[in-house]
*Asks:* 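Got a structure here, written out as structure tokens. Questions coming.
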2 protein chains.
Amino acid sequence: MQSSVALRKQPEALVILERFLPYRLNVLASLTSNALAQIYAERFGLTIPGWRVIVTLGQYEFRTARDIAAHGVMHKSTISRAVATLEERGLVARKPNADDRREELLELTPAGRAIYEDLAPEALAFERRLLSVLSGEEQGILSALVDKLARHARSLAPQEEGGS
Amino acid sequence: MQSSVALRKQPEALVILERFLPYRLNVLASLTSNALAQIYAERFGLTIPGWRVIVTLGQYEFRTARDIAAHGVMHKSTISRAVATLEERGLVARKPNADDRREELLELTPAGRAIYEDLAPEALAFERRLLSVLSGEEQGILSALVDKLARHARSLAPQEEGGS
DNA sequence: ATAAAATTGTTGCACGCGCAACGAAATTCG
DNA sequence: CGAATTTCGTTGCGCGTGCAACAATTTTAT
């Protein structure tokens, strides 16, 4: 065994950022998030959590704060405050749940739904612009891989409450 | 043309979160980021920006704060403060650049490199655990697609400074 | 050469966010 | 049935972070 160099002391790159997936995922998510945030902040004065509440309620009609938090990996206090702000602005209404009086069902007001209907097409247009560099097949593959990874990542830390 | 229902008023889901890629990318990034953050916060008292500075310097040896910020889509003030903290802890050192005295070259101190060499294997182990649900081929495909998307996303908003 | 514009990094300020403690309600257990 | 535990949502606190203004320096334009 011809030893190459004995006791190399030179620093060595152990992690290559350009190949480190968690890093790259965060960079990509930041890029898309920032671009989207610009749209709904400038045009509708919405924060990211506020936007998420509105889109979730636009899709699900009635949901609790906890559902929204868990689904989007956000802290419950973040959602609580976002809902409070949206309620003050008259975009979201609370309906007490008779079956479980700890929780409140949330829904969009007509004004909230109007914003949703304005915002949703822009969000989809942004998504299309973003995905336009991928073929339809690539989009499907990416979609499946992202879902697979996300499911696995959730199983690695099930009891957590995350922050964006 | 037999019209279906005239003037449907029922609310309609325009955005399906489970199919909306920016949302899913953020969820996935949050999941991985939280799990990683737990490692280097608990064991080394590092914040996310602090960790990013250390890994970047671990790989590149000499970099300016601006480089790190742009590469990781983070705000320059975030990096500035992270570097200040790391310098106080004796993990990072500044070398003034004679060619351009506005900027400072950053490098890891021996203590900083020691943390890096402790942390890097754990980060890589986490990445392996995360990617273990994908085949080698799938990993390669995902990698390529993420890069392609990130390049495109950067080109959509080139003059921005992002936030994590 | 001189002035105007651009760039690097820092800092005061405000605010959003995570944490932990809390009240209220529901569930589990003895 | 009653006590202990769990869960949903809110809130005070501290802090990290984005924004904008700034000093220092370099680059560009006149």
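Excluded from the calculations below are hydrogen atoms, water molecules and symmetry mates; all remaining heavy atoms, backbone and side chain alike, are included. Per chain, numbering begins at 1; letters A, B, ... match sequence-line order.
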*Asks:* So, is A:R102 close to the C:dA26 phosphate, meaning a side-chain N or O under 4.0 Å from OP1 or OP2?
*Replies:* no
*Asks:* Keeping to residues at least two apart or across chains, list the side chain to side chain donor-acceptor pair (under 3.5 Å) pairs with something in residues 125-134 of chain A.
*Replies:* none
*Asks:* Using whole Å, what does the distance between atom C1' of nucleotide D:dC15 and atom NE2 of A:H75 come to?
*Replies:* 14 Å
*Asks:* Of the nucleotides C:dC17, D:dT17, C:dG9, which one has an atom closest to the side chain of B:K76?
*Replies:* C:dG9
*Asks:* Ignoring the backbone of A:S80, work out which of D:dG9, C:dA20, C:dA6 is nearest its side chain.
*Replies:* D:dG9
*Asks:* How close or far is atom P of D:dG18 from atom CD1 of B:I48, stated in whole angstroms?
*Replies:* 11 Å
*Asks:* Of the candidate nucleotides C:dG18, D:dC19, D:dT10, which contains the atom at the shortest distance from the side chain of A:R94?
*Replies:* D:dT10
*Asks:* From C:dA25, D:dT25, D:dC19, pick the nucleotide closest to the side chain of B:R101?
*Replies:* D:dT25
*Asks:* Could you state the atom-to-atom distance from CG of A:D99 to C1' of C:dA24 in whole Å?
*Replies:* 17 Å
*Asks:* In whole angstrom, what separates A:L46's CG from C:dG16's P?
*Replies:* 12 Å
*Asks:* In terms of side-chain heavy atoms of B:R81, which of D:dC19, D:dG9, D:dA21 is nearest?
*Replies:* D:dC19
*Asks:* Assess the side chains of B:R52 and B:T47: does a donor N or O sit below 3.5 Å from an acceptor N or O?
*Replies:* no
*Asks:* The side chain of B:A65 lies closest to which of these nucleotides: D:dT26, D:dT7, C:dG9?
*Replies:* C:dG9
*Asks:* Whole angstrom is fine here: how far is it from CG in A:N34 over to C1' in D:dT17?
*Replies:* 12 Å
